[in-house]
Student: 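Sharing a structure below in structure tokens format, with a few things to ask.
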Amino acid sequence: ISLVLLCVEFVTFQINVLQTEDYPVDIYYLMDLSASLIDDLERIKDLGSTLSKEMAKLTSKFRLGFGSFVEKPVLPFIKITPADLKNPCHGVDQVCLPTFGYKHVLPLTSNTDEFNKIIAKQQVSANIDTAECGFDAIMQVAVCGDKIGWRNDSMRLLVFVSDGDSHFGMDSKISGIVIPNDGECHLDGNNEYSMSTHLEYPSLGQLMDKLVENNILLIFAVTENQKRNYENYAHFIPGATVGVLEEDSRNILELIVTAYKELRSEIELEVLGQTEDLHISFTAICPDGTVLPGQKQCSNVKAGDTVSFNVTVELPACLDDGPLRFHIKPVGFQDALEVHLDSLCSCACRSTRQPNSSHCGPGRGVLECGSCLCSPGYTGSRCECTEEDDRSGDCKADGAAETCSGQGECLCGRCACKASSFGRVYGPYCECNDFSCARYRGELCGGHGDCDCGVCVCRSGWTGEFCNCSSAVDGCLSGDGELCGGRGKCVCGRCVCSVPGASGEACERCPTCGDTCSSARTCVECHLQAEGSMEKCAEKCSASHVSVNSSIDCPEPPNIPMISLGVSLSVLCMGTILLVAWKLLVSVQDRKEVAKFEAERAKAKWQSDTNPLFRSSTSTFRNVTYKREGKRNVDIHSADGY
């Protein structure tokens with residue numbers, strides 16, 4: 001559209017954005033292949049097929065690509081001994097690929113089987129430091145559109161998977177690389193980043209420019225320990241989101257689908273081009289009818305819904321350098337509204353003057369070149385005010401140095417507040433706005449309240465200066481249902497223990513507190529001793545709510561004879577039982593010994609009058625060398641057995 005504005009004038013127009021159904025989607029999977037992610041390769045071997053099935057439920061025009069990165073192959077990021085250059089993992093008895101910067105492996109394709117085959121062939125590499133050259137890879141994916149295969153009419157998603165931080169900016173100076181990144185495509189014939197050892201890492205600003213310029217939405221899928229780092233990066237990159245990746249990437253499918261649905265459920269406008277000399281403000285009109293002044297984003301948008309935005313462009317001064325041109329477009333989409341803006345600060349229209357024009361008053365001035373030249377005694381852009389109105393009106397707050405707090409103009413004795421790109425300016429003296437309240441964790445009024453003239457008005461269930469304190473007490477209840485165990489106060493949904501020695505989430509631990517009765521003992525005794533005088537006990541009972549019942553209720557004394565008889569009978573019974581048990585055990589043992597003896601005696605082979613232990617002292621020997629007639633034997637008898 002073309003706009004021509006008179007000097008110091010504004011114009012408002014409306015933009016309608018339709019969330020189309022079955023929108024084409026291109027997903028490029030960019031993976032860190034350092035050795036720490038070796039188990040993730042096995043987990044995603046069927047990612048192409050499973051992701052394709054899930055995305056088929058959302059769009060019929062889905063394509064998938066793959067690339068990988070490790071680190072700049074230079075000192076001090078890697079070891080440069082011949083063995084380490086050939087196999088960076090040789091120190092741990094593993095085989096790895098030589099360290100590389102970025103490789104574009106598979107252009108975007110609808111053939112998911114090809115994607116699975118590519119994943120199965122991948123091998124890890126290694127480097128020394130924990131950070132990687134992921135931003136080098138993102139830059140090449142963004143600017144090498146012809147080789148990546150991005151479609152002109154698709155939603156472009158870049159899924160960045162890593163368990164480490166990323167180098168950026170001037171980190172490469174320690175390796176002697178000082179040439180700034182030029183933001184150009186440098187993929188060689190093997191689809192590898194050829195300038196990895198010559199150009200610095202890109203800065204966040206360069207990444208943001210190239211991702212926005214090429215309509216790429218970035219999804220950081222990183223491990224829990226890197227979440228905060230990448231949330232900080234995503235804060236500067238329009239449309240970027242962060243998801244927590246499990247250690248072995250088991251949840252990568254869910255993470256991608258969830259991120260896609262979130263991106264599709266939001267429509268946010270961005271402005272690109274020459275806007276330095278303009279004041280541009282937005283009002284979003286969401287599909288449910290909600291009007292959001294000062295906002296250029298709507299959430300919970302479904303396919304087929306239309307989101308409207310009222311855009312106000314104000315020109316504070318004449319354009320000296322000719323017309324301006326800028327674009328307004330939804331984040332992540334190709335379609336854009338191109339706006340040409342020119343100013344008309346002088347014109348040859350004085351010959352068409354209209355005295356006493358109905359546009360000016362009416363009848364209070366001359367319409368010349370689209371502006372009213374008011375007659376004496378009248379003021380205002382349309383001569384609607386008198387000089388007496390201006391004098392009788394007061395456009396300065398008490399003690400204020402500027403008219404209309406510097407946020408408006410005094411017309412007819414009243415302040416006409418200027419529009420602001422940050423939100424709404426209002427009040428009798430334009431002293432209020434809805435965007436200057438305190439922020440908590442980056443959100444206005446903690447995201448739980450509305451800003452009214454610099455003060456947060458908290459929504460139901462929230463309190464505090466920043467509306468960051470929950471008024472719910474569920475988290476302050478102890479096991480017995482008492483608030484903070486009676487030893488503290490519930491502040492912002494958490495117990496603040498006030499009793500010395502008390503601790504725990506519900507002040508349930510207190511070694512020095514004693515029981516409830518002990519804590520109220522002094523108060524009760526005071527009431528009993530004071531004979532009903534409440535004034536003397538006020539100090540001792542300040543922390544207790546005690547109702548004293550003066551009636552005596554003593555328990556019955558113990559029956560000593562019965563207790564003694566019971567104990568004696570118990571001892572006697574136990575002794576008798578133990579004695580009987582001992583006697584039974586001895587009898588059983590004796591029976592076993594007698595049976596054993598009888599069995600051994602029955603096995604004996606000797607006569608009852610023969611001693612089986614006796615051995616004769618006479619030995620008989622035959623002399624085989626002595627020969628006589630009759631071959632007599634010689635017997636030698638020895639009294640001692642020899």
Side-chain angles (χ1 to χ4, degrees), residues 222-232 242-247 250-251 254 258 437-450 455-558 563:
V222 296
T223 49
E224 180 66 38
N225 62 322
Q226 296 297 330
K227 179 184 177 183
R228 175 164 295 188
N229 289 336
Y230 285 92
E231 284 179 339
N232 292 334
V242 180
V244 177
L245 185 70
E246 297 291 343
E247 292 297 333
R250 69 170 66 95
N251 67 329
E254 177 186 355
T258 301
C437 289
R439 293 178 179 268
Y440 180 72
R441 293 183 176 176
E443 292 192 75
L444 194 67
C445 296
H448 303 119
D450 300 310
V455 179
C456 286
V457 179
C458 302
R459 301 190 187 103
S460 177
W462 296 90
T463 60
E465 181 183 358
F466 310 122
C467 297
N468 61 323
C469 288
S470 172
S471 58
V473 298
D474 296 346
C476 297
L477 297 178
S478 58
D480 57 1
E482 189 174 6
L483 193 66
C484 297
R487 303 187 182 103
K489 298 180 179 179
C490 188
V491 180
C492 293
R494 294 184 178 182
C495 284
V496 177
C497 303
S498 56
V499 175
S503 63
E505 293 184 359
C507 303
E508 70 278 8
R509 295 190 295 272
C510 187
T512 62
C513 292
D515 56 21
T516 305
C517 291
S518 298
S519 62
R521 174 182 288 273
T522 56
C523 179
V524 173
E525 290 178 347
C526 179
H527 277 282
L528 294 175
Q529 295 172 3
E531 298 181 354
S533 176
M534 299 295 295
E535 298 179 358
K536 297 180 180 180
C537 303
E539 181 178 353
K540 295 183 179 180
C541 297
S542 60
S544 304
H545 300 279
V546 177
S547 176
V548 178
N549 184 1
S550 59
S551 62
I552 300 175
D553 183 14
C554 298
E556 291 290 335
I563 293 175

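Note that the numbering runs from 1 along the sequence shown for the chain.
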Student: Nearest heavy-atom pair of N251 and E246: which atoms, and what distance?
Tutor: OD1-N, 2.9 Å
Student: How would you list, by chain and number, every residue that makes a side chain to side chain contact (heavy atoms under 4.5 Å, CB included) with C456, sequence neighbours excluded?
Tutor: C437, C445, C467
Student: List the atom pairs, donor and acceptor, that lie under 3.5 Å between side-chain atoms in residues 498-510 and the rest of the protein, sequence neighbours left out.
Tutor:
{"unit_1": "S498", "atom_1": "OG", "unit_2": "R487", "atom_2": "O", "d": "3.3"}
{"unit_1": "E508", "atom_1": "OE1", "unit_2": "A506", "atom_2": "N", "d": "2.9"}

Student: Kindly determine whether C469 and W462 satisfy side-chain contact (heavy atoms from CB on, under 4.5 Å), including the steps that lead there.
Tutor: CA-CA 5 Å; C469 288; W462 296 90; 5.7 Å; no
Student: Under 3.5 Å, is there a donor-acceptor pair between the N229 and Q226 side chains?
Tutor: yes
Student: Verify the neighbour count for atom CD of E231: are there more than 12 heavy atoms of other residues, nucleotides or ligands below 6.0 Å?
Tutor: yes
Student: Let me confirm one number: the CG-CZ distance from L245 to R250, rounded to the nearest 0.5 Å.
Tutor: 9.5 Å
Student: Does the pair L483 and L477 meet the rule for a side-chain contact (heavy atoms from CB on, under 4.5 Å), with working shown?
Tutor: CA-CA 5 Å; L483 193 66; L477 297 178; 4.0 Å; yes
Student: Taking only residues two or more places apart in sequence, or in another chain, which ones meet R439 in a salt bridge (charged side-chain N to carboxylate O under 4.0 Å, His left out)?
Tutor: none
Student: For the residue pair V242 and Y230, what are the closest heavy atoms and their distance?
Tutor: CG2-O, 3.5 Å
Student: Please check this pair: side chain of D450 against backbone of R459, looking for a donor-acceptor N/O pair closer than 3.5 Å.
Tutor: no
Student: Test C484 against every option in C490, C495, C476 by the disulfide (SG to SG under 2.5 Å) rule and name the one that passes.
Tutor: C495
